[in-house]
Each structure stands twice: as C-alpha cells, then as structure tokens.
**Q** 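One structure coming up, written as structure tokens, with questions to follow.
Just so you know, residue 1 is the first one in the sequence shown, and it goes up from there. In each ligand, atom 1 is the first atom listed, and ligand 1 is the first ligand listed.
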Amino acid sequence: MTLLRLISGNKFPPPSFPINHTTPNNSLKSHFRFLNYCPKSRTPICCISNCDQKTQSFDEMDKDSKWVSIESDVDEEYARELEVAVKAVHVACLLCQKVQERLVFDGDGENVQSKDDNSPVTIADWSVQATVSWILSQAFGTENVSIVAEEDIESLSKTDATSILSSVVKTVNDSLSSASRFGIKPPVTNLETTQVLEAISRCNSNGGPTGRFWVLDPVDGTLGFVRGDQYAIALALVENGEVVLGVLGCPNYPMNKEWLNYQNGYRRILSRLAKPDSASWDGNGCVLYAKRGSKKAWMQPLLSGDNSVISARPIKVSAIDNPVLATFCEPVEKANSSHLFTQGLAHSVGLRNQPLRVYSMVKYAAIARGDAEIFMKFARAGYKEKIWDHAAGVVIIEEAGGIVTDAGGRRLDFSKGVYLQGLDRGIIACAGASLHEKIMSAVDASWNSSSL
Ligand SMILES: Nc1ncnc2c1ncn2[C@@H]1O[C@H](COP(=O)(O)OS(=O)(=O)O)[C@@H](OP(=O)(O)O)[C@H]1O
Ligand SMILES: [Mg+2]
Ligand SMILES: [Mg+2]
Ligand SMILES: [Mg+2]
C-alpha cells in the first residue's frame with residue numbers, strides 16, 4: 001500500500017503499474033519484485049515482498065529509469081544473476097532493433113561482413129557481445145565473469161575494418177548511455193575503442209564441466225537479422241555443466257503472435273512499415289527467461305516508446321499431443337537442417353500442418369510459449385552444434401514443461417566445451433512426451449535410409 005501511494009503521488013512510475021499482474025498463485029508477495037536499484041545505496045528501490053523496509057525515496061532514482069519486474073524470490077539462488085541477465089538482454093534487444101532498422105531501411109549493407117565460414121556478422125553481433133560483456137563485468141567484477149560467446153575481434157581489428165569498428169564503438173556507447181532505463185549504470189565516460197575490443201575479446205572461455213560461465217549468442221540467426229526477419233539474443237548461465245539460467249530476447253516476436261505475418265514464416269511487421277490501423281497494436285518483441293528447477297518460465301514485453309513498466313507473464317508449452325493438430329518448426333536454411341528428412345518424419349508421424357520455418361532460437365521461444373509443438377534440427381554430418389545456439393532455449397523450454405533431447409533421447413550436454421559433443425543425430429524439442437516419443441521412433445525407422 002505504501003508503494004501504491006508513492007506511485008500515485010509521483011509522475012513516475014506511471015499509474016499503469018501492473019498491480020493486477022497474474023502469478024501462478026496470484027500472490028504478489030513472493031513472486032514479484034522490482035529490479036531497479038538505488039544508484040546511491042545499490043539496494044533495491046522497492047520490493048513488493050518487503051515493501052516497508054526496502055522502499056526508497058523516488059528522488060534517489062534515476063528519473064529515466066524504466067521498471068523491470070521479475071518473478072523470483074529476493075533471496076532465491078541466482079536472483080541477481082537473472083536480474084542482470086534479463087536487463088542486459090533488454091538493452092541488447094533495443095540495440096539490435098536500431099541497427100536492424102538502419103540496415104534494412106537505410107541500406108546500411110556495408111556493415112555486414114562475411115566470416116571464414118561464409119556466415120554473416122554485423123556491427124550488431126559485435127556490439128551486443130561488447131555491451132553484454134561490459135554489463136556482466138560491471139555487475140559481478142571482471143575477475144568473476146567467464147563468457148563463452150560466438151564472436152571474436154580478429155576481423156574487427158584489421159586495418160580495413162576501421163569504419164566498422166568505429167560503428168561498433170558508437171553503437172555500444174549509444175546503447176550503454178540509455179541503459180539507465182533498466183537501472184544499469186552507464187559508464188562515466190564513453191568507452192574507448194580498446195575497451196570495446198577488450199570487452200568483446202574477454203568472452204574467450206571454452207566452457208567445460210566445472211565452475212560457472214555465461215554463454216552468449218549476441219545475435220542468433222544473423223541471416224534473419226540482415227534480412228529484416230527473426231533473430232534472437234541468447235544468454236545463459238552454466239554451472240558445473242548444467243544450464244541454470246536462460247534468457248532469450250526476441251525483438252521481432254511480439255507477445256501476441258497474431259501480429260506476425262504467417263504467410264512469410266514468422267516475419268514481423270517492422271515498425272517503419274504500415275502498421276495495422278489499431279490502437280491496440282503492440283508488435284514489439286519479447287524477452288523470455290527461466291531458472292532451472294523453478295518449473296516456471298516467463299515472458300516480458302520489450303520496451304516500446306511509452307511503456308514504462310515491464311511486467312512478466314508465465315508461459316507454458318502447448319497441451320496439444322495429437323500429431324494432426326501439431327506444428328513443427330525448423331531452420332529456414334536447408335543447409336542448416338535437412339528439410340527433406342523432416343518432411344519424411346512429419347509424414348510418418350502424421351503431422352499435417354505446414355512446417356514453421358523461422359530463423360534463430362525464436363523456434364525455442366515458439367515451443368516454450370505454446371505457439372508450436374515440435375522443433376527439429378538435423379544438421380549435415382560433421383557439423384558440430386555450438387552451445388550458444390541452444391543453452392538459453394533448452395532451459396526455457398524445459399521449465400515451461402517441454403522436453404529437449406538429441407535423437408537418442410539424451411539431454412543435451414553443455415559440459416564438454418564449446419560444442420555439444422556426442423550429440424546423437426539431431427535435436428528434438430517437444431511440448432510433451434507423447435509427441436517426443438513418436439518423433440524419436442520415426443527418426444530410428446528412417447535414419448538408415450536417409451543420406452544424413
Ligand atoms: N551448416 C550449418 N549447419 C547447421 N547449423 C549451422 C550451420 N551454419 C551455421 N549454423 C548455425 O545455425 C544458427 C542459425 O540456426 P537457425 O536455426 O536459425 O538456422 S536458419 O538460419 O533458420 O537456417 C547459426 O547461428 P548464428 O551464427 O548465431 O546466426 C549458426 O550457429
Ligand atoms: Mg547462433
Ligand atoms: Mg550468432
Ligand atoms: Mg553467426
């Protein structure tokens with residue numbers, strides 16, 4: 001109540017404060033807490049579960065702050081890690097949205113580079129890696145942060161890459177300077193080029209079976225990103241080989257899937273294109289997250305112009321177990337997963353719906369949210385899956401009630417370094433056990449006659 005009075009007596013936070021937020025037991029007490037910290041005392045500015053003691057004067061707050069709520073107990077294990085990770089992913093999503101708009105609408109194509117394996121990399125990939133690395137280091141201390149991530153600075157440090165490097169430095173600084181919206185303290189002065197390069201190259205962990213490390217895919221589905229389509233920002237925390245936290249930012253995947261254009265896979269109507277003439281239009285993306293063992297997964301809307309409060313809602317996998325009604329998703333690119341093989345599987349299992357071909361870990365998000373029931377990926381022989389392409393998605397699906405294994409039914413192993421070593425044939429994620437068993441049996445029955 002104290003909190004509510006304070007709110008209504010101040011312009012900030014706005015009256016749209018989601019007091020009717022629904023949690024599984026509808027109890028605000030232990031499930032809802034604010035993530036803003038007092039810039040002076042570094043204590044939570046307000047925490048509903050213990051409002052009286054923790055409420056601070058709003059004067060102490062950064063007035064630009066947006067409020068991010070998160071569902072967890074204050075003293076819960078990994079609460080601080082989850083809080084920082086969710087904020088970092090929100091910051092990264094906004095960064096990517098700006099870069100993608102420039103890239104797609106202003107033809108800023110020179111900022112797309114090709115890596116040695118011919119896959120694309122953009123200023124967004126490097127900028128997100130630097131930004132997230134910097135935020136994690138600030139929050140936990142550089143010496144305590146170990147990160148496995150996709151990008152390195154080799155091509156960025158070349159002499160012919162100076163304009164790209166300066167774009168990256170500018171993008172990182174722009175993004176960090178507005179991070180206070182999420183309660184993240186920006187750097188006192190702009191980061192120098194060397195500091196940005198250092199933040200990127202600090203993500204040089206090789207993972208492994210012991211200790212704690214973060215796993216980051218700064219832009220997953222870079223191909224989708226450069227095509228103005230779906231992509232994701234994926235951040236996970238691994239402890240002793242087990243993924244304990246997962247956060248997935250999906251800037252083009254709206255909370256309400258009705259705003260997606262189905263004719264074109266899961267393509268979002270980008271903001272500068274004509275929006276539907278509706279006051280309720282909310283085509284902005286979402287951030288999903290889960291903590292291992294909580295049996296809960298959550299989804300928040302991304303910040304858009306005037307939403308100042310970010311509340312989360314629980315997500316669950318679909319209850320559909322009838323193959324006739326089920327939808328499966330798979331990579332867009334045939335080169336990344338055999339469409340021919342999955343077409344055969346779909347036929348033998350009795351799947352009737354068209355496959356949902358979506359770039360990036362948005363596929364994991366679609367399963368966790370209940371928008372589709374099956375995700376399959378069968379890469380060509382010899383391809384080694386990387387942990388950053390799966391870690392965040394796996395824990396979110398599992399906590400939302402789903403199952404993720406290889407085609408032999410074993411859980412994915414994140415303890416063997418950068419690659420998912422020992423992966424049996426491919427990856428199968430399902431909303432429920434019955435569909436999962438049917439797909440695995442179909443893979444066994446058709447594997448030998450496939451050319452994979
Ligand atoms: N040849 C091949 N085989 C299998 N997988 C590959 C291959 N090449 C790349 N990758 C990885 O696929 C990541 C993108 O996966 P998607 O499921 O989004 O594929 S697709 O873009 O929809 O086709 C992509 O992630 P990003 O590099 O982060 O975009 C790659 O890690
Ligand atoms: Mg990836
Ligand atoms: Mg990537
Ligand atoms: Mg890549």
Side-chain angles (χ1 to χ4, degrees), residues 88-89 92-93 95-97 99-100 103 111-133 147-156 161 164 168 171-172 199-201 203-205 207 214-236 238 243 246-253 266 288 329-333 335-337 357-367 375 377-380 383-397 404 412 414 417-420 423 426-427 429:
V89 169
C93 286
L95 183 163
C96 287
Q97 285 187 322
V99 176
Q100 193 187 41
L103 217 120
N111 286 334
V112 182
Q113 299 286 297
S114 211
K115 296 206 271 195
D116 290 347
D117 62 357
N118 284 330
S119 65
V121 57
T122 71
I123 59 162
D125 300 66
W126 285 302
S127 302
V128 168
Q129 189 159 315
T131 302
V132 172
S133 165
I147 307 174
V148 178
E150 182 180 355
E151 309 305 340
D152 59 40
I153 57 164
E154 208 182 309
S155 54
L156 198 57
I164 293 174
V168 169
T171 306
V172 171
I200 298 171
S201 54
C203 305
N204 59 358
S205 165
W214 295 90
V215 181
L216 171 66
D217 194 338
V219 178
D220 180 50
T222 307
L223 202 56
F225 178 79
V226 300
R227 290 177 176 171
D229 210 311
Q230 295 293 336
Y231 63 97
I233 292 108
L235 181 60
V238 176
V243 186
V247 186
L248 213 43
C250 308
N252 284 343
Y253 190 11
Y266 250 16
L288 278 63
C329 20
E330 63 179 347
V332 174
E333 294 294 304
N336 289 1
S337 179
R357 294 192 176 130
V358 190
Y359 296 101
S360 82
M361 263 184 270
V362 164
K363 293 183 279 293
Y364 278 98
I367 306 297
F375 161 49
K377 182 177 180 190
F378 292 92
R380 63 171 163 74
Y383 181 78
K384 287 157 89 177
E385 296 284 354
K386 283 94 162 191
I387 57 173
W388 54 72
D389 283 324
H390 306 281
V394 167
V395 66
I396 292 170
I397 288 190
V404 188
L412 308 192
F414 293 90
V418 168
Y419 299 107
L420 289 177
L423 189 81
I427 293 168

**Q** Quick one: report the N, O or S atom of E150 that is nearest to the Mg ion (ligand 4).
**A**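 Sorting the N, O and S atoms of E150 by distance to the Mg ion (ligand 4) puts OE2 first.
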
**Q** Please determine if the Mg ion (ligand 3) has an N/O/S atom from D220 lying under 2.8 Å away.
**A**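 False for D220.
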
**Q** Quick one: do D125 and Y231 satisfy side chain to side chain contact (heavy atoms under 4.5 Å, CB included)? Show the steps, please.
**A** CA-CA 11 Å; D125 300 66; Y231 63 97; over 6 Å; no

**Q** Which atoms form the tightest heavy-atom contact between Y253 and A365, and what is the distance?
**A**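 Minimum heavy-atom contact is CE2-CB, 3.8 Å.
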
**Q** What is the OD1(D389)-the Mg ion (ligand 2)-OD2(D217) angle, to the nearest 10 degrees?
**A**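 About 90° at the Mg ion (ligand 2).
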
**Q** For the Mg ion (ligand 3), decide whether V121 has an N, O or S atom at a distance under 2.8 Å.
**A**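 V121 does not place any N, O or S atom closer than 2.8 Å to the Mg ion (ligand 3).
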
**Q** Rounded to the nearest 0.5 Å, what separation is found between the CD1 atom of I164 and the CD atom of Q113?
**A**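 Between atom CD1 of I164 and atom CD of Q113 there are 3.0 Å.
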
**Q** May I ask you to check if any N/O/S atom from D125 comes under 2.8 Å of the Mg ion (ligand 4)?
**A**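 For D125, the answer is no, given that no N, O or S atom comes within less than 2.8 Å of the Mg ion (ligand 4).
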
**Q** How many angstroms lie between atom CG of L412 and atom CD1 of I387, to the nearest 0.5 angstrom?
**A**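 CD1 of I387 is found 11.5 Å from CG of L412.
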
**Q** Given T222, which of T122, D217, V112 fulfils the side-chain contact (heavy atoms from CB on, under 4.5 Å) condition?
**A**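 Testing each of T122, D217, V112 against T222, the sole residue satisfying side-chain contact (heavy atoms from CB on, under 4.5 Å) is T122.
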
